[in-house]
Amino acid sequence: QKEVEQDPGPLSVPEGAIVSLNCTYSNSAFQYFMWYRQYSRKGPELLMYTYSSGNKEDGRFTAQVDKSSKYISLFIRDSQPSDSATYLCAMSGDTSGTYKYIFGTGTRLKVLA
Amino acid sequence: DGGITQSPKYLFRKEGQNVTLSCEQNLNHDAMYWYRQDPGQGLRLIYYSQIVNDFQKGDIAEGYSVSREKKESFPLTVTSAQKNPTAFYLCASSNVKYTEAFFGQGTRLTVV
């Protein structure tokens, strides 16, 4: 079983839709959760960072962490064509004491104008 | 502007040749990382360093080498022992205390 599972998509939605992106993980020791956006042939850009369980909102983006279910989500409201990219989840803080990151394989999102 | 600079953006390697990818950061971060990204496989950790003059192997270190002589620099050498080096290479850094990782814009290495 992979440590992090993420649906690869592609996910196609019309402009203005609410998008839900998700990851599940197996290591209950993870404490820090991140979402990155990656445009083609570019480096990942940090979108959201949360610690432990709960919600965090930043503009059109909301990150949710449910540690009891080992499930994290990223919601994008009023999606725009410029949101078309690959979204990577990442997590860290396992019991090894090192700050290594475990990444999902990414979900490709296409927002249609 | 603070950030991570990777160079070159594109690199071509001949069979049997070693090449070095540059990564420089001015974020004053302690930890630096090298990842390899292949289609459908996500990011795989090659090497990481949490302090100067110390580094650890990641999941796919064979055929790669690194050094960390300065806090701001973490170059990656792809040696001739790496049999399938064509990939997109990403350098990242983090302040160990706060954990968010920030990435450079990547180097695309192609074997010709």
Side-chain angles (χ1 to χ4, degrees), chain A residues 1-10 21 23-25 27 29-52 56 58 61 63 65 72 74 85-108, chain B residues 2-11 21 23-25 27 29-51 54-61 87-110:
Chain A
Q1 182 189 6
K2 287 184 178 179
E3 281 194 278
V4 177
E5 300 276 359
Q6 185 175 10
D7 188 330
L21 304 167
C23 287
T24 58
Y25 62 95
N27 189 340
F30 287 138
Q31 301 169 47
Y32 304 94
F33 303 91
M34 288 140 278
W35 284 96
Y36 291 86
R37 177 175 62 195
Q38 186 177 23
Y39 293 113
S40 181
R41 300 179 182 273
K42 300 289 186 184
E45 171 194 8
L46 180 68
L47 278 179
M48 302 288 283
Y49 163 71
T50 53
Y51 170 70
S52 194
K56 185 174 184 178
D58 184 2
F61 299 92
V65 175
I72 68 170
L74 177 71
T86 296
Y87 289 80
L88 302 164
C89 63
M91 41 207 78
S92 68
D94 68 6
T95 55
S96 71
T98 64
Y99 286 91
K100 291 170 64 175
Y101 300 86
I102 308 299
F103 288 86
T105 53
T107 299
R108 281 196 299 136
Chain B
I4 302 172
T5 302
Q6 289 187 242
S7 62
K9 190 173 181 179
Y10 299 97
L11 187 57
L21 284 59
C23 179
E24 303 276 333
Q25 55 100 358
L27 300 168
H29 284 169
D30 291 308
M32 297 187 74
Y33 311 81
W34 274 105
Y35 291 91
R36 172 178 170 143
Q37 188 174 36
D38 296 281
Q41 295 200 48
L43 274 67
R44 293 185 290 169
L45 182 64
I46 304 172
Y47 269 98
Y48 67 102
S49 167
Q50 293 186 317
I51 56 172
D54 188 43
F55 49 82
Q56 287 80 40
K57 292 182 179 179
D59 302 316
I60 56 165
F88 191 47
Y89 290 87
L90 288 161
C91 178
S93 73
S94 70
N95 183 328
V96 176
K97 185 176 180 181
Y98 296 110
T99 75
E100 303 105 299
F102 296 89
F103 284 86
Q105 287 303 297
T107 293
R108 184 163 298 277
L109 173 62
T110 304

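What's counted below: heavy atoms across the whole structure, side chains too, no hydrogens, waters or symmetry copies. Treat the numbers as computed from the prediction; the structure is a model and nothing was measured. Order of the sequence lines sets the chain letters (A, B, ...), proteins ahead of strands, with each chain counted from 1.
- For A:Asp58, the side-chain contact (heavy atoms from CB on, under 4.5 Å) partners are A:Met48, not counting sequence neighbours.
- Residue pairs satisfying the salt bridge (charged side-chain N to carboxylate O under 4.0 Å, His left out) criterion with at least one member in residues 34-43 of chain B, sequence neighbours excluded, are listed as follows: B:Arg36-B:Asp38, B:Asp38-B:Arg44.
- No more than 12 heavy atoms of other residues, nucleotides or ligands lie within 6.0 Å of CZ in A:Arg108, so this atom counts as exposed by the packing criterion.
- If you measure heavy-atom distances from A:Tyr36 to chain B, the contacts under 4.5 Å come from the side chain alone.
- Between A:Tyr101 and B:Tyr35, the ring center distance fails the sub-6.0 Å criterion.
- The distance from the CZ atom of B:Phe103 to the NZ atom of A:Lys42 is 16.0 Å, given to the nearest 0.5 Å.
- Contact tally against chain B (heavy-atom pairs below 4.5 Å) for A:Met34, A:Gln6, A:Gln38: the top residue is A:Gln38.
- Of all heavy-atom pairs spanning B:Glu100 and A:Tyr49, the tightest one is CG-CG, 3.3 Å.
- Put simply, CG on B:Leu43 and OG1 on A:Thr105 are 10.5 Å apart, with the number rounded to the nearest 0.5 Å.
- In this structure, chain B has heavy atoms under 4.5 Å from both the backbone and the side chain of A:Pro44.
- With a 4.5 Å cut-off on non-hydrogen atoms, B:Gln37 touches chain A through its side chain but not through its backbone.
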